[in-house]
Amino acid sequence: MKNVNSKEVSVLVSGPFNEPFDYVLEDKNTNFSVGQVVLVPFGKRKIVGIIIGDGTKTIPETKLKTVLQVYDLEPIPKPSIELMNFLASWYCVFKGLVLKMILSPIEAITSPDYEKVYKSNYPNENEINEFEKIKITYKRKLVLDFLLNFDIGKSQNDIIKHTGVSKAILRDMVQKNIIQEKKVFKNRNLDSNFLTNSKENKKNYDFLNLEQKFAVDRINDSIVNTKSDCFLLDGVTGSGKTETYFETVRTCLDQGKQVLILLPEIVLTPDWEKRFFQKFSFAPLVWNSEITKKKKKKIWLSALNGTAGVIVGARSALMIPISNLGLIIVDEEHEQAFKQEENVRYNARDMAIYRSKRSFAPIVLASATPSLETFYNAKKGKYVHLTLPKRATGATLPHIKLIDLSVHPADKGKWLSPLLLDEIESKLKNKDQTLLFLNRRGYAPLSICNSCGNKIKCVNCDTWLVEHRSKNILVCHHCGYSTIFENICKKCGAEGQIKAYGPGIERIEEEINETFPQARSIVLSSDTMNNHKILSETLSKIKNNKVDIVIGTQMIAKGHDFPNLKLVGIVDSDVGLSGGDLRASERTFQVLQQVSGRSGRHSEKEEDKGIVLIQTYDSKNPIINAIARNNRNEFFDKELMSRQYAKMPPYSRLASIILSSRLERKLETFSSDLLKLAPLFKNVKIFGPAPAPIYFLRGRYRRRFLIKSDKNVNIQDVILNWIKKIKTPNNVKLTIDIDPFSFM
Ligand code: ADP
Ligand code: ZN
């Protein structure tokens, strides 16, 4: 890394800024590197930032402010700085805001852990004896003898460990001037056992099957030769993707390099950690929204100083400045959770690919149902496509059947077809488990007053309130607004007339309890499983056969392995197909495939095969049929053709501009003003400003422009030049969303 020799330096501060500011360094600070973290005065405040180069010399040195502090840390690594620059320009956000995410938690920098270190005031034993005034007791002597060997002192913990004296003794010795106490910065020598551990646990990988071995060898080759290949590790659930990438993690550690594993938050379960531990005999460093600041500090510092071996985290872990990165894994790469939808809108999977390039490290995208764009890139040869075609345990794939609800309808006011109920009954008899999947939380998605027809809506949004009968409340799933369900219509005043329409999972549970009162059922959704502890207890209950019927939302689609599950019933496969959003079919396909993959993961015999029953009113639908035929590539090819026909990504580029305001009139005026200034280019199409599908959300009115361009157009420039032409009023918020996922 380039050294900055001049006393004037250019500092990017964390906050809404793109350009750096010049500062001077005090004389005592010489020879600093790019990436060094500093504290600088900024207006009336003090802000952290990083040195990004020499000063610009555009302002006389005497006018420059002085850097207040240079933190005693390794510099932020170059690939992290490159990621910051690229992410900021790709997503049209301030570099300083990306920097803020990198320098987080800020406490790791500003209030690192200190430890007390003690040093003897006597260079040798003889001198001690001269001071007769101070009695050298047995305990004091133990401490002094121990410290005799350490000129630079020893930490409080070490002293206590070796001598067995108490803190009080040490305090007392400091008071009597026998020893001195110093506070030192602890991050330099964080426990560094992670990187060496794997060698001791080296196992051979002979148990892997041919395809798995091929994949491991191919990825290992890139790790060892520092090639930044992008791999798609593509295999049905249970084909051993995790097992396969674990072997590459081992290789990377053996190379003395660090590994970053990104997982959607929801997959990052104690189960996953346990499995990792069993494999490697050490715990990975887990970075998610639930861990404490203290742990975050430790992970951040040990990532930066190169001692953290394996960091596994949700999308924000991508921002951790890992100094010696040798491999990135993105598991369940198709997951929407990798896209951050607030503040800085970025896609962690896409940025991880960039980060891997800059780090000369390979990246592995793993999925049973890759996203369409990843599939497309693999097909074009941009990514290396590694396939694991069969279930590693030898289990057969489930048998999938459609139930046409117009031919075999459920009873009135019920949601499960007799065909599905029969199958559940036979599984109950065999003591096999059933999973019923419906991606709708709560009791019913819609409540209507029978006497006036009023649909009960959210006060902040244009959405219907969802009844949650277990808690006796109505909830808005968009803004979280909730109110007690009183069963009095606010519009006409009728009492007891509010009726539930459509099913949510609570209602399915009710139907199951009525039909099979002897069965042990459980509801798995983000409402019931609101922390890791409950979730992991429930998951082990299911694994240990303490549950007969699991009723779950999308939450259940992910990664879990239930050995006794033999039947999956999809209550409503039509949900999600009709939404006006680009990825609606893709997502429905993925979820249905993932859920189907839960069935019969361990059944080896044909007659023991897992079964998937899919209820639908739309039995001719190509997506549902592709699932029924278990033909993913057929679905992808069809979907790609339709995208190409409609000139949609990956055959074009998309971006949106979202405008929102609490004041409807301001929003309307500004959006039509902006429209008047819309650029006219042959290869750029601008749609809108359309009211967002939910026009009124969280108390704000919202409109959006959708910008579609040819692939070779710099869509960011087009947008930035456009919005530059007019000042956004204070009470309107303008957000740019590049490669949008959400169209709400
Ligand atoms: P995926 O990540 O693709 O869903 P996993 O790696 O979780 O698959 O593997 C599924 C199950 O199969 C796990 O219990 C795993 O230990 C086992 N497994 C994976 N590969 C093999 C293999 N080659 N031989 C035997 N069992 C395997
Ligand atoms: Zn709401």
Side-chain angles (χ1 to χ4, degrees), residues 201 203-220 231-251 259 261-264 266-281 284 310 312 327-335 363-371 374-375 378 385-398 435 536 539-540 542-544 555-566 568 590-605 608 610 612 630 632:
N201 290 296
K203 278 195 201 126
N204 64 40
Y205 71 158
D206 284 348
F207 76 99
L208 294 182
N209 64 37
L210 271 180
E211 289 90 357
Q212 291 172 330
K213 269 193 189 143
F214 178 81
V216 171
D217 288 341
R218 190 62 193 75
I219 298 164
N220 281 351
F231 296 96
L232 165 58
L233 184 59
D234 176 3
V236 293
T237 28
S239 60
K241 297 183 292 298
T242 314
E243 212 63 55
T244 301
Y245 73 65
F246 274 177
E247 283 309 315
T248 70
V249 167
R250 197 193 296 286
T251 307
V259 184
I261 304 177
L262 297 178
L263 289 172
I266 195 168
V267 182
L268 189 48
T269 54
D271 253 12
W272 192 97
E273 289 170 45
K274 209 155 64 194
R275 193 166 161 192
F276 184 98
F277 189 84
Q278 278 165 357
K279 191 87 190 167
F280 293 95
S281 313
V310 180
V312 52
L327 172 68
I328 306 180
I329 313 273
V330 182
D331 201 354
E332 310 285 349
E333 70 84 28
H334 59 277
E335 271 294 321
I363 180 168
V364 178
L365 309 178
S367 175
T369 55
S371 62
T374 297
F375 180 80
H385 198 163
L386 301 169
T387 41
L388 305 180
K390 49 183 185 288
R391 281 186 164 176
T393 48
T396 50
L397 285 166
L435 165 68
S536 81
L539 293 177
S540 61
I542 301 174
K543 278 193 181 170
N544 298 328
M555 190 171 213
I556 201 73
K558 311 294 154 58
H560 312 300
D561 189 4
F562 302 134
N564 309 308
L565 189 69
K566 293 289 164 57
V568 168
Q590 280 160 355
V591 170
L592 294 192
Q593 250 218 345
Q594 297 256 353
V595 181
S596 310
R598 301 294 122 220
S599 181
R601 287 181 60 145
H602 294 266
S603 330
E604 289 177 24
K605 285 177 286 187
D608 211 21
V612 179
N630 226 326
R632 189 195 72 190

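Note that the structure is predicted; figures quoted are calculated from it, not measured. Both ligands and their constituent atoms are indexed starting at 1 by order of listing.
On a distance-only criterion, Phe207 and ligand 1 share at least one N/O pair closer than 3.5 Å.
Set against the non-hydrogen atoms of Val236, the atoms of ligand 1 under 4.0 Å away are 3 (O). Taking a cut-off of under 4.0 Å to the non-hydrogen atoms of Asn209, the atoms of ligand 1 that pass are 23 (N). Listed by atom number, the atoms of ligand 1 under 4.0 Å from Leu208 heavy atoms are 23 (N).
Of all heavy-atom pairs between Thr248 and Ile329, the closest is OG1-CD1, 4.0 Å.
The shortest distance between side-chain heavy atoms of Val312 and Phe276 does not fall below 4.5 Å. Side chains of Phe207 and Gln212 form no contact here, defined as non-hydrogen atoms less than 4.5 Å apart.
For atom 9 (O) of ligand 1, the choice among Gly240, Ser367, Gly235, Ala366 with the nearest heavy atom turns out to be Gly240. Ranked by closest heavy atom to atom 22 (C) of ligand 1, the top entry among Lys213, Gln212, Glu211 is Gln212.
For Leu388, the heavy-atom gap to ligand 1 stays at 4.0 angstrom or more.
The proximity of Arg275 to ligand 1, defined as any non-hydrogen pair under 4.0 Å, is limited to the side chain.
Proximity of a side-chain donor or acceptor of Lys241 to a complementary backbone N or O of Ala366 within less than 3.5 Å is not detected. A distance-only check finds no donor-acceptor pair linking the side chain of Arg632 to the backbone of Pro370 [under 3.5 Å].
A donor-acceptor pair shorter than 3.5 Å can be found between the side chains of Glu333 and Thr374.
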